[in-house]
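Please read through the structure below; I'll follow up with questions.
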Amino acid sequence: MPMKENKSAKNLLWAFLAILAYNVTATILITAAYGVFSEETMQAHYFMTDALIAMVQLGICLIWLVRISRREGKSFLSGDAFTQPYVLVSIPVLVLGISGISGMWLGIAEEYLQGMPIISESLESFEETWSTIYDESYLWVFLSVVLVGPIVEELLFRGLVFHYLEKFKAGWFPIVVSGIAFGLWHIEPVQAVYAAIIGMVYGLLYSRFRDLRLTILLHVLNNFLSTLPPALDIDPVQSTIAYGSFLMIIPALAILIQMAVTQEGTS
């Protein structure tokens, strides 16, 4: 049953405030850290800092979601996704397919859009950030990029933001808007494009199954494929993932189209 809509501007405001609260908290923590440590130290421990901040944000998001659950009798983990065999079989297809879509966009940007200053500058900045990924212990990279970071992002965008947007207007509205917000939140234009697409995919999956555990799992696995530990970050493994991701684009799109048809029928 489609949920009852409450077209109050305060729901849109709460969605915005959820994102703002995350960014303000992160800014405060980073500013405090710079007050204690030198700029060189902060730059040398980027992923450690990000992981620690994400842990604080995790606590804030969990408290916020628990309060909503208790006040409104709403569960964010009540879906039946993990009891359905076809969903379990679809998970690796979706993970690889989403990775393939991201890789395809980056390939198009590098090959055909380099003439656009905003794209070329964004690609350069994006590559510069990731070129330092193994300058720190992989433990901090794993916590920041693969585990805690994705969990917080799912609690924030598919939990809080999606919740408030859906209270304003159900159906495709929270899927599309929360996805676009997720993309814009990544700031880097080249990253924002595929992040928005991924955000809408996760929004569709959450709308269908009502279980954040599913989107968290997909997000974690997707980030793991792009941030392998040093022992696995070798050409044969990378090539296998690249080919597998490319081959799974069409099957993943077929699964998503079927879910979109189902979503349209329940909107």
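Residue indices begin at 1 and follow the sequence shown.
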For V161 against A15, the heavy-atom pair lying closest together: CG2-O, 3.8 Å
Atom of L228, atom of L232 and distance for their closest heavy-atom approach: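 It is CD1-O, 3.7 Å.
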Any donor-acceptor pair under 3.5 Å from W64 side chain to L156 backbone: no
Rounded distance (nearest 0.5 Å) linking atom CD1 of I197 with atom OG of S102: 7.5 Å
Side chain to side chain, V220 and V146, heavy atoms closer than 4.5 Å: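 In short, these two side chains touch, coming nearer than 4.5 Å.
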Single-linkage hydrophobic cluster V87~V89, side-chain heavy atoms < 4.5 angstrom: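 Different clusters.
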Validation row: P229, F224 side chains within 4.5 angstrom (heavy atoms): yes
L217 and F82: CA distance, side-chain angles, deciding distance, side-chain contact (heavy atoms from CB on, under 4.5 Å) verdict: CA-CA 11 Å; L217 177 61; F82 292 102; 3.9 Å; yes
Path from F37 to M55 over hydrophobic side-chain contacts below 4.5 Å: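 In one cluster with F37: M55, no.
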I234, CD1: over 12 other non-hydrogen atoms inside 6.0 angstrom: yes
Interatomic spacing from CE in M104 to OG in S99 - rounded to 0.5 Å: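 Interatomic distance, M104 CE to S99 OG, rounded to 0.5 Å: 11.5 Å.
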Step-by-step side-chain contact (heavy atoms from CB on, under 4.5 Å) determination, F173 to L165: CA-CA 7 Å; F173 180 77; L165 291 176; 3.9 Å; yes
Same apolar cluster: I60 and I19, side chain cutoff 4.5 Å: no
From NZ (K10) to OH (Y164), nearest 0.5 Å: 10.0 Å
Atom OH of Y46 with >12 non-hydrogen neighbours under 6.0 angstrom: no
From CE (M259) to CG (L256), nearest 0.5 Å: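 One finds 6.5 Å between CE of M259 and CG of L256.
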Expected output: side-chain S245 to main-chain G97 donor-acceptor under 3.5 Å: no
Side-chain (S125) to main-chain (E121) donor-acceptor, under 3.5 angstrom: no
Option passing ring-ring contact (aromatic ring centres under 6.0 Å, His included) with F157 (candidates F162, Y22, W185): W185
Aromatic ring pairing H186/F182, orientation class (parallel under 30°, perpendicular over 60°, tilted between): perpendicular
Taking every non-hydrogen atom, the tightest pair across N223 and P150: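 For N223 versus P150, the nearest heavy atoms are ND2-CG, 3.5 Å.
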Flag if over 12 foreign heavy atoms under 6.0 Å of CZ, R67: no
Criterion side-chain contact (heavy atoms from CB on, under 4.5 Å) on Y134 and V141, from CA distance to verdict: CA-CA 8 Å; Y134 295 128; V141 175; 5.7 Å; no
Within 6.0 angstrom of L247 CG, more than 12 heavy atoms from elsewhere: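 Atom CG in L247 is crowded, with more than 12 foreign heavy atoms closer than 6.0 Å.
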Parallel, tilted or perpendicular: rings of Y86 and F209 (30°, 60°):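 F209 vs Y86 ring planes: tilted.
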Under 3.5 Å: donor-acceptor pair, side chain of H219, backbone of T215: no
Separation of S90 OG from L214 CG (nearest 0.5 Å):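 Nearest 0.5 Å value for the CG-OG distance: 9.5 Å.
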Atom CD of E128 with >12 non-hydrogen neighbours under 6.0 angstrom: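 Not more than 12 within 6.0 Å, no.
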Pair L52-L143, side-chain contact (heavy atoms from CB on, under 4.5 Å): steps then yes or no: CA-CA 9 Å; L52 294 175; L143 290 174; over 6 Å; no
Side chain proximity check, L12 to V177, heavy atoms < 4.5 angstrom: no
Within-4.5 Å side-chain heavy-atom neighbours: F76 and H163: yes
More than 12 heavy atoms from other groups under 6.0 Å of OH on Y34: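 Check passes, neighbour count above 12.
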Common cluster, L184/I187, ILVMFWY with side-chain heavy-atom separation under 4.5 Å: no
Min side-chain heavy-atom separation I119-Y112 under 4.5 Å: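 No. Closest side-chain heavy atoms not under 4.5 Å.
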Non-hydrogen atoms of S120 and P117 that approach each other most closely: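 Closest heavy-atom pair between S120 and P117: OG-O, 3.0 Å.
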Spacing of CD1 belonging to I216 relative to CG belonging to L155, to within rounding of 0.5 Å: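 These two atoms lie 5.0 Å from each other.
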Minimum heavy-atom distance K74-R210, with the two atoms named: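 Looks like NZ-NH1, 4.2 Å.
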Note, L113 side chain near L123 side chain (heavy atom, < 4.5 Å):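 Not touching, per the 4.5 Å side-chain cut-off.
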L218 side chain near V201 side chain, heavy-atom distance below 4.5 Å: no
Residue pairs passing the salt bridge (charged side-chain N to carboxylate O under 4.0 Å, His left out) test where at least one lies in residues 144-154, sequence neighbours excluded: E154-R158
L96-Y243 co-clustered via ILVMFWY side chain contacts under 4.5 Å: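 Each belongs to a different hydrophobic cluster.
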More than 12 heavy atoms from other groups under 6.0 Å of CZ on F246: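 No, not enclosed.
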Backbone of F126 reached by a side-chain donor or acceptor of Q191 within 3.5 Å: no
Backbone N/O of T227 and side chain of Y138: donor-acceptor pair under 3.5 Å: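 A pair under 3.5 Å: yes.
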Over 12 non-hydrogen atoms of neighbours within 6.0 angstrom of CZ in F16: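 Counting neighbours around CZ of F16, 12 or fewer heavy atoms of other residues, nucleotides or ligands fall under 6.0 Å, so no.
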Atom of L160, atom of C61 and distance for their closest heavy-atom approach: CD1-SG, 4.3 Å
Run the side-chain donor-acceptor check on residues 24-33: report pairs under 3.5 Å with partners two or more places apart or on a different chain.
from, atom 1, to, atom 2, distance (Å)
T25, OG1, A21, O, 2.7
T27, OG1, N23, O, 2.8
T31, OG1, T27, O, 2.7

Side chain proximity check, I133 to F47, heavy atoms < 4.5 angstrom: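 Heavy-atom side-chain distance check passes, below 4.5 Å.
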